[in-house]
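Presented below is the structure to which this report refers.
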Amino acid sequence: MATYFTEPSRTFGEYLLVPGYSSSECIPSAVSLKTPLVRYRKGEEECPITMNIPMVSAIMQSVSNDTMAIALAKEGGLSFVYGSQSIEDEAAMVARVKSYKKGFIVSDSNVRPDATLGDILELKKKTGHSTVAVTDDGTANGKLLGIVASRDYRVSRMSTDVRVSEFMTPFEKLVVADEETTLKEANDIIWDNKINSLPLIDKNQHLKCMVFRKDYDSHKENVNELLDKNKSYMVGAGINTRDYAERVPALVEAGADVLCIDSSEGFSEWQSRTISWIRAKYGDKVKVGAGNVVDRDGFRFLAEAGADFIKIGIGGGSICITRETKGIGRGQATAVIEVAKARDEYYKETGIYVPICSDGGIVHDYHITLALAMGADFVMLGRYFSRFDESPTHKLRINGTYVKEYWGEGSNRARNWQRYDMGGAKKLSFEEGVDSYVPYAGALKDGVSVTLAKVRSTMCNCGALTIPELQEKARLTVVSSTSIVEGGSHDVMLKNDVATIAP
């Protein structure tokens, strides 16, 4: 006879936090959002990888590329570069993230001297960078002939047909340095010469990389940056249970700090096989998360298989239709609560703490705080991050409103069969995700700062200054449908609504 769960599974929207006592020391600026990313043993001084904020970006084509990874690492979180692409392309994205923070940037804005001002403007629109290297062949490693910066031209007074060679700063007038120059030496040269960028060249005048003043300033501004021991940004990468023997070595070589098996169902032999292969080849040096699961049994299976962290959630994503198409899943809040309890039991039994990640079901910012209070160590977000400038999708204007594209890995557009096919015909037999738009939300830094301000404030309302303290002190209550309505504005006429109906 089938097993029946007598209690209904619930979502985050069915819960509220009940305030607790707050001392005078409990203020948002004193809150620490540090949280463990991977497993560690009781008695160890610290977790091998600790994040400064409890947010990671989803392993999705429409969310996590190298641009997103750099932006999120600056804020203290981590991106998992999507795996539904070629091994070479994913490894290249990871490598770009790892090289970025070192300060030596391979130029992605390059033109030939016979290009025009119009070409410069188009390139700036594409990359967002105002410094363009002029090389003999228009590549990032061609012979450096000059630099074009925004100070070199005025659009209002110049024709877009004018050649770059006529207005660029020629090589003879540039301050350059040898390719062996250290980052500290490069920054000293920048400051001593009051310049914004420094090209590094080889003995044949070929451009090797650039060092920018703004990267030094950025480091001073972003105090929560997530860096490795070499002061490079940290980045994760998605893998699957099919080509891991080829993909994992390439990602490790590229510098990925942590891997994660991207699958709609983690309670499977496929995942244990993948983890076992990684452990046999790399031991504990390569960190790998697994999932997704929604109950105690799924957690225990992956924890005993050796997963470094475990993701929770099936069918709760905004673009996921797994529950509609397959009738499988569980309310996200209920899943997190049960898995958190299993995690604590496992820690008590073994002395090994395996962090858990709530993946999906986040609609409002306060849902993040609820997930943490229920036991999650961090949350994985797709829709949330897809709205920002740094996501890899196009920004469009539809009916007077700016939006960004957002599609699921189980959609016909992504066709990520490796994530959904259960050892069958290597194809996406039916869709488990949709293709959609989300409201454009500007820069990631601005959005994340507002979200975390809310999280810190709510934690103070609960009398907690750390995530573990929140999980210990939090008091939660199930709310009725009527009290949900009561929680928003009601029985008033909002000024904006009145303005739209006024004659």
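Keep in mind the model is a prediction, meaning the values are calculated, not measured. The figures that follow rest on heavy atoms only: side chains count, while hydrogens, waters and symmetry mates do not.
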Donor + acceptor pair across side chains of Thr127, Ser109 (<3.5 Å): yes
Mutual orientation of the aromatic rings belonging to Phe301 and Phe267 [parallel < 30°, tilted 30-60°, perpendicular > 60°]: tilted
Derivation of the side chain to side chain contact (heavy atoms under 4.5 Å, CB included) call for Val293 and Leu302: CA-CA 9 Å; Val293 299; Leu302 291 177; 3.6 Å; yes
Cation-pi, Tyr384 ring and Arg387 (6.0 angstrom, 45 degrees): yes
is_close_aromatic(Tyr366, Phe12), centroid dist under 6.0 Å: no
What side-chain donor-acceptor pairs closer than 3.5 Å can you find for residues 3-10, not counting sequence neighbours?
unit_1 : atom_1 : unit_2 : atom_2 : d
Ser9   : OG     : Gly331 : N      : 3.0
Arg10  : NH1    : Glu14  : OE1    : 3.0

Residues Asp377 and Tyr353: side-chain donor-acceptor under 3.5 angstrom: yes
Working for side chain to side chain contact (heavy atoms under 4.5 Å, CB included), residues Ile53 and Glu75: CA-CA 8 Å; Ile53 64 172; Glu75 301 308 312; 4.3 Å; yes
Glu25 atom CD, neighbour heavy-atom count above 12 within 6.0 Å: no
Any donor-acceptor N/O pair, Arg475 side chain to Pro19 backbone, under 3.5 Å: yes
Lys395, NZ atom: more than 12 neighbouring heavy atoms under 6.0 Å: yes
Closest heavy-atom pair and its distance - Phe378, Leu37: CZ-CD1, 3.5 Å
Pairing of Arg300 and Glu349 as salt bridge, 4.0 angstrom limit: yes
Smallest separation among heavy atoms of Gln61 and Ser84, with atom names: NE2-OG, 3.0 Å
Stepwise salt bridge (Lys or Arg N to Asp or Glu O under 4.0 Å) test for Arg279 and Asp308: CA-CA 11 Å; Arg279 293 288 174 253; Asp308 285 296; 2.6 Å; yes
Gap separating the CZ atom of Phe104 from the CG atom of Leu200, nearest 0.5 angstrom: 6.0 Å
Nearest-0.5 Å distance, CD of residue Glu472 to OG1 of residue Thr466: 8.5 Å
Set of side chain to side chain donor-acceptor pair (under 3.5 Å) partners for Asp284, sequence neighbours left out: none
Pair Asp262, Asn240: side-chain N/O donor-acceptor within cut-off below 3.5 Å: no
Non-neighbouring partners of Thr139 that pass side chain to side chain donor-acceptor pair (under 3.5 Å), sequence neighbours left out: Asp137
Asn461-Thr458 side chain donor-acceptor pair, cut-off 3.5 Å: no
CD (Glu253) with more than 12 external heavy atoms under 6.0 Å: no
Check against side chain to side chain contact (heavy atoms under 4.5 Å, CB included), Met459 and Glu469: CA-CA 9 Å; Met459 287 174 63; Glu469 190 177 10; over 6 Å; no
Evaluation steps, side chain to side chain contact (heavy atoms under 4.5 Å, CB included), between Val235 and Asp66: CA-CA 9 Å; Val235 60; Asp66 49 319; over 6 Å; no
Gln271 vs Thr241, side-chain hydrogen bond (donor to acceptor under 3.5 Å, both in side chains): CA-CA, chis, key distance, verdict: CA-CA 6 Å; Gln271 295 223 357; Thr241 58; over 6 Å; no
Short N-O contact, Asp108 and Arg96, less than 4.0 angstrom: no
Residue from Val18, Ile337, Leu370 passing side chain to side chain contact (heavy atoms under 4.5 Å, CB included) with Leu476: Leu370
Residues Asp389, Lys404; criterion salt bridge (Lys or Arg N to Asp or Glu O under 4.0 Å); working and verdict: CA-CA 9 Å; Asp389 287 321; Lys404 293 206 74 175; 5.7 Å; no
Check: Leu251 and Glu90 side chains under 4.5 Å, non-hydrogen atoms: yes
Approximate separation, where rounding is to 0.5 Å, of Lys341 NZ and Glu338 CD: 8.5 Å
Distance-only donor-acceptor check, side chains Ser57 and Ser64, under 3.5 Å: yes
Nearest-0.5 Å distance that lies between atom CD1 in Ile49 and atom OG1 in Thr35: 12.5 Å
Shortest non-hydrogen contact between Ala290 and Ile261, atoms and distance: CB-CD1, 4.2 Å
Check: Asp228 main-chain N/O paired with Ser232 side-chain donor or acceptor under 3.5 Å: no
Polar side chain donor-acceptor pair, Tyr437 to Glu405, under 3.5 angstrom: no
Distance in Å, Arg39 CZ paired with Lys287 NZ, rounded so as to fall on 0.5 Å steps: 9.0 Å
Side chain Asn224, main chain Lys74, donor-acceptor under 3.5 Å: no
Straight-line distance of Arg296 CZ to Arg343 CZ, nearest 0.5 Å: 14.0 Å
Any donor-acceptor N/O pair, Glu390 side chain to Phe385 backbone, under 3.5 Å: no
Heavy-atom neighbours of Glu269 CD exceed 12 at 6.0 Å: no
